[in-house]
Amino acid sequence: MPLMMVAAVLLFAPAVAQEPNAPSQPDVQPAAAHMSEELRASVSKIVILATEGANSETVTGTYRNKTPGFFGGMAKGAELGTFPVEVGGVPIGIPIPILREIGMIAGAITGKSERELQEFRDRLTQDLRAEVDQPLTNDALANDVFWGLKNVSTLEPKILALTTPIPEDTEAVLFVALTDLSLNIQGNKAIITTTASMRLDNAVDGTTLYRREVTYQDQDKLSNWVDNDTQLWHEYRNFARHYIGREIPALLYGRIDVKHEVSPAESDSIRAIKKDVWRGKTKSRTPTLAWNSSLDDASIEPASITWEVEIYSRERPVYNASGLRSTSHTLTVPLAVCGDLYWSVRPTYETNGVSKVGRWMRKADGKGAGSGNAGRSASVAHAYIQDFASFDLKCR
């Protein structure tokens, strides 16, 4: 589709009336079930393709005598597609929101809100057409999934171009693609949802072994999305890629669900605010993070657990450490940012000689928290980090 036509479709997408009492809070999707251990054990040689995979086009390859064409990444009809461009002679799939009003517009928009919506929509259109630094692409997603699967000791993943023949010893083909980007207006709030699909097919007969959709959603006032040169949107797209790129390999091969309660604890350098261990304050650029661990699973040996620690600023990750044996960690590198910082830990378990990960420590308070993929106010904290523990680093 020509770029001019894409812009025109976005400009004139119809509005859909909103129900008077429509909730402003997005629904939190239940945690998806990971792939079964039996299936994980049966498939080790995987080829990853950056496409949704369901189409009739043919390119060079040996997979069922047909592999999805380059436009296989395009969602059908008026959904999110992949616009082919070349950067330095290399084809790159750029997601372009087509008709669902970069999804769907719901609600009556007038006056200032209408102008803000038009500005935001125009900026998203312009940004999603950028060839070089756009993180929301099928190729970027496939690359993240590859490196996530590369860490699985029992797996031999390969990432190939759509025109590259599939090796004969391949056991399964994994299709990954961004399939939808929706903008939903409810009152003065804008909710943005990014959806990706994954499908693992048997390389011999083409039967589908496992498939899931993964979504990442955040919301805020429309005016906040527009402010500061749409800074919130640029932060959102990075966290969307970060979450989805991690969640797909975790569901496929990385994660196991264990009865394991993990919560933050006070340390000598981080003091709880109003006795709330989830919120702290410190003056140290190399604080000690501490957490409590309560394991209720006889199949896991507590001494075999290692930990990974991550710290985020409002915009990005700023610190990482892995392979930790203790339930506390003193930063080995001084933090270069101050103010509100967010941190979490994730356990790694050894089961039958294979490493599997648990979930990142999050606070669940009965308000849709603990998910990491559905936000409540992006300008306060993005969905991915909103339920992490936090501390305020006071810098002189």
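- The CD atom of Glu315 sits 9.5 Å away from atom CG of Leu232, with the distance rounded to the nearest 0.5 Å.
- Distance check: Arg314 CZ to Tyr342 OH gives 7.0 Å after rounding to the nearest 0.5 Å.
- His242 and Tyr384 have perpendicular rings, their planes meeting at more than 60° on a 0 to 90° scale where under 30° would count as parallel.
- Taking each heavy atom of Leu136 and Ala240 in turn, the nearest pair found is CD2-CB, 4.2 Å.
- The line from CG of Leu341 to OH of Tyr319 is 13.0 Å long, rounded to the nearest 0.5 Å.
- Ion pairing between Asp220 and Lys189 fails under the 4.0 Å rule for side-chain N and carboxylate O.
- Remark: Phe175 CZ to Leu49 CG distance equals 5.5 Å, nearest 0.5 Å.
- Side chains of Thr288 and Ser267: a donor-acceptor N/O pair is absent below 3.5 angstrom, by distance only.
- For the 3.5 Å distance criterion, the side chains of Thr137 and Asp139 fail to qualify, holding no donor opposite an acceptor.
- The pair Arg246-Glu310 meets the salt-bridge criterion, since a charged nitrogen lies less than 4.0 angstrom from a carboxylate oxygen.
- With salt bridges taken as basic N to acidic carboxylate O contacts below 4.0 Å, one links Asp201 and Arg199.
- To the nearest 0.5 angstrom, His34 atom NE2 is 7.0 Å from Ile256 atom CD1.
- The aromatic rings of Tyr236 and Tyr216 lie tilted to each other, with the angle between the two planes from 30° to 60°.
- In this structure, CD1 on Ile191 lies 5.0 Å from CG on Asn184, to the nearest 0.5 angstrom.
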| message | Let's go through Glu171 and Ser44 carefully: what are the C-alpha distance in whole Å and the side-chain angles of both, what is the deciding distance for side-chain contact (heavy atoms from CB on, under 4.5 Å) to 0.1 Å, and is it a yes or a no? | response | CA-CA 7 Å; Glu171 296 171 348; Ser44 61; 3.4 Å; yes
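- With 3.5 Å as the limit, one finds no donor-acceptor pair spanning the side chains of Glu308 and Thr348.
- Asp257 and Lys356 are not joined by a salt bridge, as no carboxylate oxygen comes within less than 4.0 angstrom of a charged side-chain nitrogen.
- The two atoms that bring Ile244 and Ala196 nearest to each other are CG2-CB, 3.6 Å, heavy atoms only.
- Counting only heavy atoms from C-beta outward, the side chains of Val43 and Tyr253 approach each other to under 4.5 Å.
- Proximity of the aromatic rings of His382 and Trp233 is defined here by a centroid distance below 6.0 angstrom, and this criterion is not met.
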| task | Check the pair Lys45 / Asp169 against salt bridge (charged side-chain N to carboxylate O under 4.0 Å, His left out), numbers first and verdict last. | result | CA-CA 7 Å; Lys45 295 183 178 180; Asp169 63 346; 3.3 Å; yes
| task | Using the salt bridge (charged side-chain N to carboxylate O under 4.0 Å, His left out) rule, take Asp392 and Lys283 through it: C-alpha gap first, then chi angles, then the decisive distance, then the call. | result | CA-CA 8 Å; Asp392 181 10; Lys283 294 181 179 179; over 6 Å; no
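- At a threshold of 4.0 Å, the pair Arg255-Glu247 counts as salt-bridged, since one of the basic side-chain nitrogens sits closer than that to a carboxylate oxygen.
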